[in-house]
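Single-structure report; data block below.
Residue numbers run from 1 in the order of the sequence given. Only this structure's heavy atoms are used, side chains among them; waters, hydrogens and symmetry mates stay out.
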Amino acid sequence: MLTEAAVGSVPDAATRAALLADDPLWLILIKCVVILLIGPIMTIFLIVWERKAVGRMQNRPGPNRVGPGGYLQSLADAIKLPFKEQIIPDTADRKVYFLAPVMCVVPSLIALSAIPFGPVVSIFGERTVLQLLDLPVSALVILACSSIGVYGIVLAGWSSGSPYPLLGGMRSAAQVISYEIAMGLSIVAVILQAGSLNLADIVGAQHKVWFLYLVPSFVIYLISMVGETNRAPFDLPEAESELVGGFHTEYSSMKFAMFFLAEYVNMVIVSAFATTLFLGGWMAPWPLSLIGNNVLNTGWWPVLWFFAKMFILLFGFIWLRGTLPRLRYDQFMRLGWKVLVPLNLVWIIMVTFAKVIAWNTASIIIAAVAIFIVVALFFYVRAAGREEESETVPVTGGGFPVPPLDLKVPQTTPRQKALAKAEAKAARRKPAAVGTAQEGAQDGVS
């Protein structure tokens, strides 16, 4: 009875477990290969899409030489990088130096195995669920995989034996601590609403209304996922203008390509995770879900909706990169600890209180909007007060190295004065040359 789920239906936990346990070996291998290929294929497409999209934003063509419209440029780069010369610093810890890129890539590639891409489908006559693993704590698996990859960045910076990569690795360590907490707290409200840590159960709980109405959690998650993936404006571990290339400055050839692959695969993971948590997963949007008695939520249509939502979030990464400058390090840490984490805690208390007194959706939205207005006014008043204070420049500088208004820059430094005095004293002690004196006398006579 458990395996009698209709194709296109939303199965419960027991049915999913029975269908996955009944998968033959060839179907499991197909799922594994497809999940492992999603990351590299999406990376090749995302790199060229990002370059062309940012080029359009900056009024330039972007890649336009290799292939039709330049869309094969990333494929050419992927073929070229393995054949480039590999340069290893003499001061590098070779074992950790080789291990760091692997630690970045492997967790990224296996994280997608817990994402539900669709309902019950038929593959070559075999009914199955479009996911590889169905774990009771699959949401925590995604968080763990996305955070482990950052340790590869830390080890890469430390093992390179160079100051700039070390600074990038230290920044990454602070970044993962700050924004991993914010990201983990942002999904608590979703878990409370769904009553489960299983991603398939979370998708099933959104069959009537998406969890997008949990606006604070969604916004905080969007900010945290950008910080978690080291993307602009939070790309402080790389910071080309400050650290040359950051943690991967001393990497070349295929190891550099592995860091690039890990970054873009992590973008795919956090976007797929956000789609599953807040955007209804593989379910069709509201107007389309009414067509033909929900026919667009059956068969292979849900895969299209899932990737469409994911591409919208991925375009957000590109948009941010072409729009916002990099944050200063103190601004970056202040945003994580003083804004995102406190807002998360207040919002979790609100959602818990609403669950206890059984508020409806409209009441939750009204309360959330009211709290956000209060918080926005608080930060606005605080920012206005800071602007008023910043209008007066202190004579001796302030918290930052600001020169005083009455500063007079000397024409010569004390060292230059001392050198000039020593040269004059040496010139007085040195006797005049005979030839020079005679020539001076002849010039005077003439």
Considering non-hydrogen atoms only, spot the tightest contact between [X] and [Y] and give its length.
{"X": "Trp158", "Y": "Leu166", "value": "CA-CD1, 4.1 Å"}
{"X": "Met267", "Y": "Thr229", "value": "N-CG2, 4.0 Å"}
{"X": "Leu130", "Y": "Val303", "value": "CD1-CG2, 3.4 Å"}
{"X": "Val351", "Y": "Ala189", "value": "CG2-CB, 4.0 Å"}
{"X": "Trp337", "Y": "Ile181", "value": "CH2-CD1, 3.5 Å"}
{"X": "Ala182", "Y": "Ser224", "value": "CB-OG, 3.3 Å"}

Check whether [X] reaches the backbone of [Y] with its side chain - one donor and one acceptor, N or O, closer than 3.5 Å.
{"X": "Gln131", "Y": "Ile115", "answer": "no"}
{"X": "Thr91", "Y": "Gly161", "answer": "yes"}
{"X": "Ser186", "Y": "Met183", "answer": "yes"}
{"X": "Lys255", "Y": "Val102", "answer": "no"}
{"X": "Tyr164", "Y": "Gly157", "answer": "no"}
{"X": "Glu85", "Y": "Ser252", "answer": "no"}
{"X": "Ser289", "Y": "Trp286", "answer": "yes"}
{"X": "Gln206", "Y": "Ile202", "answer": "yes"}
{"X": "Thr276", "Y": "Ala272", "answer": "yes"}
{"X": "Arg171", "Y": "Leu236", "answer": "yes"}

Notebook entry, point to check: What do the steps show when you test Val226 against Leu320 for side-chain contact (heavy atoms from CB on, under 4.5 Å), and what is the final call?
Noted result: CA-CA 9 Å; Val226 178; Leu320 288 176; 3.8 Å; yes
Notebook entry, point to check: What do the steps show when you test Lys80 against Lys84 for side-chain contact (heavy atoms from CB on, under 4.5 Å), and what is the final call?
Noted result: CA-CA 7 Å; Lys80 174 192 69 175; Lys84 292 183 72 69; 4.3 Å; yes
Distance in Å, [X] [atom1] paired with [Y] [atom2], rounded so as to fall on 0.5 Å steps:
{"X": "Met42", "Y": "Phe45", "atom1": "CE", "atom2": "CZ", "value": "7.5 Å"}
{"X": "Leu313", "Y": "Ile318", "atom1": "CG", "atom2": "CD1", "value": "11.5 Å"}
{"X": "Leu109", "Y": "Leu37", "atom1": "CG", "atom2": "CG", "value": "9.5 Å"}
{"X": "Ser146", "Y": "Ile269", "atom1": "OG", "atom2": "CD1", "value": "7.0 Å"}
{"X": "Leu20", "Y": "Leu132", "atom1": "CG", "atom2": "CG", "value": "8.0 Å"}
{"X": "Leu46", "Y": "Phe315", "atom1": "CG", "atom2": "CZ", "value": "12.0 Å"}

Next item on the list: Output all residues satisfying side chain to side chain contact (heavy atoms under 4.5 Å, CB included) with Leu75, sequence neighbours left out; order by chain, then residue number.
Entry: Ile44, Leu72, Ile79
Taking the six-membered ring for Trp, are [X] and [Y] ring centroids under 6.0 Å apart?
{"X": "Phe117", "Y": "Phe306", "value": "yes"}
{"X": "Phe218", "Y": "Tyr213", "value": "no"}
{"X": "Phe260", "Y": "Phe256", "value": "yes"}

Note to self: Once you measure the plane-to-plane angle for Phe259 and His248, does it fall in the parallel (<30°), tilted (30-60°) or perpendicular (>60°) bin?
What the structure shows: tilted
Notebook entry, point to check: Would you call the rings of Phe234 and Tyr179 parallel, tilted or perpendicular, where under 30° means parallel and over 60° means perpendicular?
Noted result: tilted
Check whether any side-chain heavy atom of [X] sits under 4.5 Å from a side-chain heavy atom of [Y], and report yes or no.
{"X": "Ile110", "Y": "Cys145", "answer": "yes"}
{"X": "Phe273", "Y": "Val268", "answer": "no"}
{"X": "Ile220", "Y": "Trp347", "answer": "no"}
{"X": "Ile153", "Y": "Cys104", "answer": "yes"}
{"X": "Tyr97", "Y": "Pro89", "answer": "yes"}
{"X": "Arg127", "Y": "Leu19", "answer": "yes"}
{"X": "Trp319", "Y": "Met57", "answer": "yes"}
{"X": "Leu345", "Y": "Pro342", "answer": "no"}

Looking only at side-chain N and O atoms, does [Y] offer a donor or acceptor that is under 3.5 Å from a partner on [X]?
{"X": "Glu228", "Y": "Tyr221", "answer": "no"}
{"X": "Asn230", "Y": "Gln175", "answer": "yes"}
{"X": "Glu50", "Y": "Tyr264", "answer": "yes"}
{"X": "Asp93", "Y": "Ser159", "answer": "no"}
{"X": "Asp77", "Y": "Ser74", "answer": "no"}
{"X": "Thr128", "Y": "Lys31", "answer": "yes"}

Check: Gln86 and Ile88: side-chain contact (heavy atoms from CB on, under 4.5 Å), yes or no, with the steps?
Finding: CA-CA 7 Å; Gln86 180 176 249; Ile88 303 175; 4.0 Å; yes
Checklist line | Cation-aromatic face contact Lys309/Trp282, 6.0 Å, 45 degrees | finding: no
Note to self: Counting neighbours of CZ on Arg65 that are heavy atoms of other residues, nucleotides or ligands and sit closer than 6.0 Å, is the number greater than 12?
What the structure shows: no
Check: So with a 6.0 Å cut-off around CE of Met333, is the heavy-atom count from everything else above 12?
Finding: yes
Item checked: Sole candidate of Asp134, Asp23, Asp22 that passes salt bridge (Lys or Arg N to Asp or Glu O under 4.0 Å) when paired with Arg16 -> Asp134
Next item on the list: Quick one: do Ser271 and Phe311 satisfy side-chain contact (heavy atoms from CB on, under 4.5 Å)? Show the steps, please.
Entry: CA-CA 8 Å; Ser271 300; Phe311 274 111; over 6 Å; no
